[in-house]
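Report on the structure given below.
The analysis underlying the following values was restricted to heavy atoms, covering all of them including side chains, and did not include hydrogens, waters or symmetry mates.
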Amino acid sequence: GQVRTADLFFLLDRQNDGAPEAVERRKRKGKHEEDKTMPETIVIIEDDESIREMLRYYFRSVGYEVGCFESGEAYFETGGELKPSLFILDIMLPGMDGLEILRRLQADADLGDVPVLMLTARTSEMDKVKGLEGGADDYVVKPFGIMELQARVKALLRRTGRPRSEAVITCGDLEIDPAAREVRKNGALVELTYKEFELLRLLASRRGMVLTRDDILQAVWDYDFAGETRTVDMHVKTLRQKLGDGYIQTVRGVGYKMP
């Protein structure tokens, strides 16, 4: 039969009770007043109430603050008061769809730098490409495993929170500035998403070296799930569209490099 949301919460509770996060949470409980570090916040925009509440329950159980909204309109009605560390955004939404929400987030001076993970039932490559080209940093296709989703969330937050090298990287007419997170081609600014920038920075910092898709997936996305190397190919495709040909070479059967 169909699993009820309450049953799912119970199973998650049992699963998480002995998980490292839960054990560590219990260790910290007695010294809560000493720990003034604010937990990271996730905003979830999902119209399916059972999925929305399951994600709220799960991510709160492992230590995140969570804000949930059933639509983009509901979130933007708050005036964007809640600026999270990460958005989890469903594509298939009534009214304003996920891609339109993504466009509005990217255009917002305060929210444009917040990483976005797309959550969708769609499986066609074109839908994934549209999301990635629109500025999404990653995607998960429904039905999904909650542990994989958490791994992707943690990887995104890890990557966006790390300090960067200050040295500007020059590759021909390209200038890559990690501190400013800017790329310029012949002096003109090239708009890149967070993951596009990270991918370009990785290839440029190892110029002349061939990097496998698995190497890139691990370095840029911080995870290694079988069959997910198409994510790398999609980001290389969008980078080539923005930079032009000749900057990133395909080494057939191996991976990519910057000459």
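Put simply, the side chain of Lys195 gets close to the backbone of Val220: a donor and an acceptor are under 3.5 Å apart.
Rounded to the nearest 0.5 Å, atoms CG (Asp137) and CH2 (Trp221) are 9.0 Å apart. Ile88 contributes atom CD1, which lies 10.5 Å from atom CG of Asp138 (distance to the nearest 0.5 angstrom). Distance check: Ile44 CD1 to Tyr75 OH gives 13.0 Å after rounding to the nearest 0.5 Å.
No side-chain heavy atom of Val66 sits under 4.5 Å from any side-chain heavy atom of Leu55. Considering only heavy atoms from C-beta on, Tyr64 comes within 4.5 Å of Leu157 through its side chain. Side-chain contact between Val116 and Met118 is present, with at least one heavy-atom pair separated by less than 4.5 Å. Tyr256 is listed as a side-chain neighbour of Val232, based on a closest heavy-atom distance under 4.5 Å. Residues Met234 and Tyr139 form a side-chain contact, since some pair of their non-hydrogen atoms from C-beta on lies under 4.5 Å apart. Inter-residue side-chain proximity for Arg103 and Leu99 is flagged as met; some heavy-atom pair is nearer than 4.5 Å. Side-chain contact check for Ile146 versus Met54: some heavy-atom pair is nearer than 4.5 Å. With contacts defined as side-chain heavy-atom distances shorter than 4.5 Å, the pair Tyr58/Leu149 does not qualify.
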Go through Glu198 and Arg181 one step at a time and tell me if the salt bridge (charged side-chain N to carboxylate O under 4.0 Å, His left out) criterion holds.
CA-CA 9 Å; Glu198 288 300 294; Arg181 300 199 63 77; 3.0 Å; yes
Derivation and outcome, salt bridge (charged side-chain N to carboxylate O under 4.0 Å, His left out), residues Lys83 and Asp113:
CA-CA 10 Å; Lys83 180 179 178 180; Asp113 63 342; 3.7 Å; yes
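A donor and an acceptor atom, one from each side chain of Asp173 and Tyr247, are located under 3.5 Å apart.
Salt bridge annotation for Arg104-Glu100: absent, with no cationic side-chain nitrogen under 4.0 angstrom from a carboxylate oxygen. For the pair Arg52 and Asp90, the salt-bridge criterion is not met [side-chain N within less than 4.0 Å of a carboxylate O].
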